[in-house]
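What follows is one structure encoded as structure tokens, with my remarks underneath.
We count ligands from 1, going down the list as the structure has it; atoms in each ligand are counted the same way. Just so it is clear, the values below take in all heavy atoms, side chains as well, and ignore hydrogens, waters and symmetry mates.
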Amino acid sequence: MDISLKVFRYNPEAGRTKPAYDTYLLNGVDPTDRILDLLEEVKDYHDGTLSFRRSCAHGVCGSDAMRINGVNRLACKALVQDLNSNSITVEPILGLKVIKDLIVDMKPFFDSYKSVMPFMINDDIPEDGKERLQSIADRERFDDTTKCILCAACTTSCPTFWSDDKYVGPAAIVNAHRFIFDTRDQAAEERLNILNDESGVFRCRTAFNCTEACPREIHVTQAVAEVKQAIVSGVIK
Ligand code: SF4
Ligand code: F3S
Ligand code: FES
């Protein structure tokens, strides 16, 4: 099949100071080709200056989230046949500054992530000196939020984040959730205090865009709601 691929372009260092779109006609595309394959074809055969992030090409590294026909997706997981159209538009994710073409500045996103202390905190040494045991039920409590690959598809699809880039965003909350509900961690209260400030969880208006955007099918809005509930009730369960 033939595909018309319209790609957002911006490259101030090379004189493209105004955002614009370039369109490439790609012939012989297979319906099972991924959008990442189309971008690689453009880069290899049409315009080597096209810039985008990607690494694993298998939905694991989280580096190639972009807006594809208006929806946040991973370019390496979205198939041409999923889009039901011969016209495909690819743009950078929203709410973060565009550096070049499809590449955005991820620093504010990772600053928010770091602000919730996304790592295990436990100063006690187990008596037997071995690992900290946990029941299967305790592990299941936060199993869903361990799946995050930090692609930013959720945060950059959130209307609250679009209007206020100080909002910590659903990805940071998901990664706080992963430790708040881990029985081996000792810093849940500290994280809940961080998320209870004016840029925290209560800025969420339950729009659900984050859940729809997540390529790992994490129940993002539910995780946000559970963190809100823990703050309101003072109970972590
Ligand atoms: Fe990406 Fe999902 Fe993690 Fe958000 S919660 S950063 S959409 S993997
Ligand atoms: Fe935003 Fe998700 Fe809440 S899209 S408003 S964080 S439910
Ligand atoms: Fe790694 Fe797509 S390239 S998730």
Side-chain angles (χ1 to χ4, degrees), residues 33-41 43 50-68 70-80 82 90 92-96 101-104 106-116 118 142-181 195-229 231-232:
D33 281 348
R34 306 163 303 174
I35 305 309
L36 181 61
D37 299 321
L38 306 191
L39 292 171
E40 300 278 15
E41 184 174 334
K43 190 166 177 70
L50 176 64
S51 296
F52 51 90
R53 288 194 179 103
R54 55 100 179 82
S55 182
C56 70
H58 290 285
V60 177
C61 74
S63 63
D64 63 341
M66 50 190 78
R67 244 175 335 138
I68 301 170
V71 176
N72 279 6
R73 302 167 189 259
L74 297 179
C76 66
K77 284 192 78 179
L79 305 184
V80 170
D82 296 340
V90 182
I93 45 180
L94 291 172
L96 295 167
D101 297 339
L102 301 170
I103 296 177
V104 298
M106 294 290 284
K107 185 172 184 306
F109 174 80
F110 283 110
D111 284 347
S112 291
Y113 168 66
K114 284 187 259 179
S115 76
V116 301
F142 59 93
D143 190 60
D144 196 36
T145 47
T146 63
K147 297 186 297 189
C148 178
I149 54 172
L150 293 170
C151 68
C154 55
T155 295
T156 62
S157 67
C158 171
T160 303
F161 180 73
W162 294 338
S163 62
D164 177 8
D165 63 4
K166 297 285 178 290
Y167 172 43
V168 70
I173 299 167
V174 158
N175 284 279
H177 178 287
R178 183 256 169 270
F179 291 100
I180 287 167
F181 295 98
L195 290 172
N196 192 20
D197 84 353
E198 59 187 14
S199 305
V201 279
F202 293 104
R203 298 300 312 278
C204 165
R205 295 290 177 263
T206 323
F208 272 94
N209 291 18
C210 51
T211 301
E212 285 170 19
C214 181
R216 303 285 293 170
E217 298 179 356
I218 296 170
H219 299 95
V220 181
T221 308
Q222 183 181 323
V224 175
E226 288 173 3
V227 172
K228 286 179 183 171
Q229 180 63 26
I231 293 172
V232 170

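Heavy-atom proximity to Cys148, at under 4.0 Å, picks out these atoms of ligand 1: 3 (Fe), 5 (S), 6 (S), 8 (S). Contact atoms of ligand 3 toward Cys56: 1 (Fe), 3 (S), 4 (S) (distance under 4.0 Å to a heavy atom of the residue). The atoms of ligand 1 that sit less than 4.0 Å from any heavy atom of Ala152 are 1 (Fe), 6 (S). Annotation for ligand 3: atoms under 4.0 Å from non-hydrogen atoms of Ser55 are 3 (S). Of all atoms in ligand 3, numbered sequentially from 1 with element shown, those under 4.0 Å from a heavy atom of Gly59 are 4 (S). Distances below 4.0 Å separate heavy atoms of Arg216 from the following atoms of ligand 1: 8 (S). Ligand-side atoms of ligand 3 in range of Cys76: 2 (Fe), 3 (S), 4 (S), range being under 4.0 angstrom from any heavy atom. In the vicinity of Ala171, heavy-atom distances shorter than 4.0 Å reach the ligand 1 atoms 6 (S). Distances below 4.0 Å separate heavy atoms of Val60 from the following atoms of ligand 3: 4 (S). In summary, the atoms of ligand 1 found under 4.0 Å from a heavy atom of Pro215, numbered by their order in the structure, are 7 (S). Distances below 4.0 Å separate heavy atoms of Ile149 from the following atoms of ligand 1: 3 (Fe), 8 (S).
Shortest contact from atom 2 (Fe) of ligand 1 to any protein heavy atom: Cys214 SG, 2.3 Å. The protein non-hydrogen atom at the shortest distance from atom 3 (S) of ligand 3 is Ala57 N, 3.1 Å. In this structure, the protein non-hydrogen atom closest to atom 4 (Fe) of ligand 1 is Cys154 SG, 2.3 Å. Looking only at protein heavy atoms, the nearest one to atom 4 (S) of ligand 3 is Gly62 N, 3.2 Å.
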Exercise for review: Could you please spell out the steps behind the side-chain contact (heavy atoms from CB on, under 4.5 Å) verdict for Cys210 and Thr221?
Suggested key: CA-CA 7 Å; Cys210 51; Thr221 308; 3.4 Å; yes
Exercise for review: Might you work through the side-chain contact (heavy atoms from CB on, under 4.5 Å) test for Ile35 and Val80, ending with a clear yes or no?
Suggested key: CA-CA 6 Å; Ile35 305 309; Val80 170; 4.2 Å; yes
Check your understanding: Can you list the steps and then say if Leu150 with Phe110 is a side-chain contact (heavy atoms from CB on, under 4.5 Å)?
Key -> CA-CA 9 Å; Leu150 293 170; Phe110 283 110; 4.0 Å; yes
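Side-chain atoms of Thr206 and Lys228, non-hydrogen and from C-beta on, do get closer than 4.5 Å to each other. A 4.5 Å side-chain heavy-atom check between Ser112 and Tyr167 finds every atom pair outside the cut-off. Using a 4.5 Å heavy-atom cutoff, the side chains of Ile149 and Leu74 are in contact. With contacts defined as side-chain heavy-atom distances shorter than 4.5 Å, the pair Ile68/Asp82 does not qualify. At a threshold of 4.5 Å between non-hydrogen side-chain atoms, the residues Leu39 and Leu102 count as touching. Contact annotation: the side chain of Phe202 approaches that of Ile231 to within less than 4.5 Å [non-hydrogen atoms, C-beta and beyond]. Residues Arg67 and Asn72 form a side-chain contact, since some pair of their non-hydrogen atoms from C-beta on lies under 4.5 Å apart.
In summary, of the residues considered (Ile173, Val227, Leu195), a side-chain contact (heavy atoms from CB on, under 4.5 Å) with Val116 occurs for Leu195 alone. Screening Asp197, Thr160, Asp164 for a side-chain hydrogen bond (donor to acceptor under 3.5 Å, both in side chains) with Arg203, the sole residue that qualifies is Asp164. The side-chain contact (heavy atoms from CB on, under 4.5 Å) test with Cys76 singles out one residue from Val60, Asp37, Asp64, and that residue is Asp64.
Heavy atoms from both the backbone and the side chain of Cys61 come within less than 4.0 Å of ligand 3. Contact annotation for Leu150 and ligand 1: only backbone heavy atoms (N, CA, C, O) come within less than 4.0 Å of the ligand. Looking at Ile149 against ligand 3, nothing comes within 4.0 Å, counting heavy atoms.
Between atom 4 (Fe) of ligand 1 and Cys151 there is no N/O/S contact shorter than 2.8 Å.
Excluding water, every protein N/O/S atom under 2.8 Å from atom 1 (Fe) of ligand 2 is given here by residue and atom: Cys158 SG.
In this structure, His177 and Phe181 have tilted ring planes: the angle between them lies in the 30° to 60° band.
Checked by atom type and distance alone, the side chain of Ser51 never pairs as donor or acceptor with a backbone atom of Asp101 at under 3.5 Å.
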